Amino acid sequence: HDYRAHVSVATGVGAMQTLLIVALMFERRRRQIAEQEAQRHLDNAAHLDRRATLGELSAALAHELSQPLGAIMHNAEAAEMAIDSGQPALLELREILADIRHEDSRAGQIISRMRALLRKHELDIESLDVNALTRETIALVVPAAAEKGVDVDMDLTSNLAPILGDRVHLQQVLLNVLLNGMDAMATLPQATRRLLVRTDHGDHCVEVSVKDVGCGIAPDAARRIFGPFFTTKAQGLGVGLSIARSIIQAHGGRIYAENNRDRGATIRFSIPFNREARPAA
Ligand code: ADP
């Protein structure tokens, strides 16, 4: 029948395009799954063995990511060859390819940045005074805060019990949270940009919180902001909080975010006390 012939011709014309698009979408999904798996590995490793080195964790993540990245690149090249061989009007396909290329190099950047950040292989655990650590870290962001017109206030509880932790890695966590708070207030009038950093006793732990008056976190994003590659910033990589969470978990602590009642968000993390340093009961 004519009808059947027509259908089969139409199918033939679109087949190449459809196949390529399906293949590309399949690759995307595969990459998403690989990313989720990488985060699970990271979580499991941090949970099962708190002494696991962060260098090992980043190597595992890099390994998990490099396979789907290679496959995406392969597909992108194959699709480009098909376009260049004279098939007409595949502009849309080109756009998808450009997008995939962009994602690919972005993920590559993430890997190299994570490697650079975590080059220090062992956790260097010592007894730490969280207030001193907080003061030191705030001193590091004073220039950035001045440039962005942000007031940074401190409310540090005195006589906090010491914790066991890695000074450099914990500073990295706090630094990231402070810079995120500043970013969140970028569109506010300068006079109102303010961060409040608090330290306090928690349940067998010390808590550090950073409160801003910025844009706050969308209701569906409160948990996702700690996942890898989640970002709402044009230039963001979305790995800062993911690394922060791994570091805090490696210390046996917790990190979470909540919106303030009035405006802005508070990011809070806790680190268990150094039990050995506490006076015998
Ligand atoms: P990046 O800063 O590269 O985006 P992060 O992992 O540090 O990566 O942060 C992930 C996302 O979490 C940010 O893009 C932002 O959407 C959200 N976020 C983090 N901190 C805050 C905050 N204080 N207020 C509002 N949103 C925040």
Side-chain angles (χ1 to χ4, degrees), residues 32 35-36 38-40 42-43 46 54 57-58 61-62 65 102-103 105-118 134 137-138 140-141 144-145 147-155 168-190 192-199 207-250 253-270:
Q32 280 173 358
E35 284 173 5
Q36 283 159 6
Q39 180 60 40
R40 237 193 338 267
L42 217 61
D43 288 349
L54 289 160
L57 299 181
S58 70
L61 183 67
L65 277 170
H102 171 77
E103 288 294 312
S105 72
R106 190 162 173 268
Q109 254 180 296
I110 289 164
I111 291 170
S112 51
R113 207 175 99 165
M114 276 197 66
R115 281 224 174 103
L117 282 173
L118 302 177
T134 304
T137 315
I138 289 175
L140 293 175
V141 299
E147 191 188 312
K148 292 166 198 263
V150 176
D151 279 338
V152 184
D153 296 328
M154 285 186 260
D155 176 9
V168 175
H169 279 121
L170 290 177
Q171 277 196 342
Q172 191 182 307
V173 171
L174 187 53
L175 210 57
N176 191 267
V177 171
L178 289 167
L179 294 174
N180 275 339
M182 291 184 200
D183 285 347
M185 300 189 289
T187 58
L188 252 62
Q190 281 223 3
T192 57
R193 297 178 196 167
R194 177 171 180 261
L195 284 178
L196 176 60
V197 186
R198 280 208 166 102
T199 60
E207 268 190 8
V208 180
S209 66
V210 177
K211 181 180 179 189
D212 64 58
V213 291
C215 56
I217 299 158
D220 63 322
R223 286 177 67 88
R224 287 196 294 150
I225 63 170
F226 295 102
F229 319 116
F230 179 85
T231 185
T232 54
K233 300 172 196 170
Q235 304 300 325
L237 286 178
V239 294
L241 286 181
S242 168
I243 292 172
R245 186 174 65 172
S246 299
I247 291 172
I248 295 299
Q249 287 178 345
R254 290 187 56 212
I255 184 166
Y256 48 96
E258 64 203 0
N259 280 320
N260 305 323
R261 272 193 200 173
D262 37 2
R263 63 167 303 141
T266 300
I267 314 294
R268 209 180 289 278
F269 59 86
S270 62

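Nothing here was measured: the structure is a model prediction, and the numbers come from that model. One-based numbering, in listed order, for ligands and for the atoms of each.
More than 12 heavy-atom neighbours from other residues, nucleotides or ligands sit within 6.0 angstrom of CZ on R268. The number of heavy-atom neighbours closer than 6.0 Å to CZ of R223, taken from other residues, nucleotides and ligands shown, is 12 or below.
Counting heavy atoms under 4.0 Å from ligand 1, residue N176 touches it through the side chain alone. Contacts between D212 and ligand 1, counted as non-hydrogen atom pairs separated by less than 4.0 Å, involve the side chain only.
Distance check, rounded to the nearest 0.5 Å: CG of D155 to CG of D153 gives 9.5 Å. Considering CG of D212 and OG1 of T266, their distance stands at 7.0 Å, rounded to 0.5 Å. Interatomic distance, L174 CG to I267 CD1, rounded to the nearest 0.5 Å: 11.5 Å.
Close contacts of ligand 1 with F230, meaning ligand atoms under 4.0 Å from a residue heavy atom, involve 10 (C), 11 (C). Interface atoms of ligand 1 facing A184, defined by a heavy-atom separation under 4.0 Å, are 22 (C), 24 (N), 25 (C).
Proximity of G216 to ligand 1 is established by a heavy-atom distance of less than 4.0 Å.
Inclusion of N180 in the set of residues having an N or O under 3.5 Å from an N or O of ligand 1 is warranted. Between C215 and ligand 1, not a single N/O pair is under 3.5 Å apart.
Of the listed options I217, T231, L178, I225, I225 places a heavy atom closest to atom 17 (C) of ligand 1.
Taking 4.5 Å as the limit, every side-chain heavy atom of V141 sits out of range of all side-chain heavy atoms of K148.
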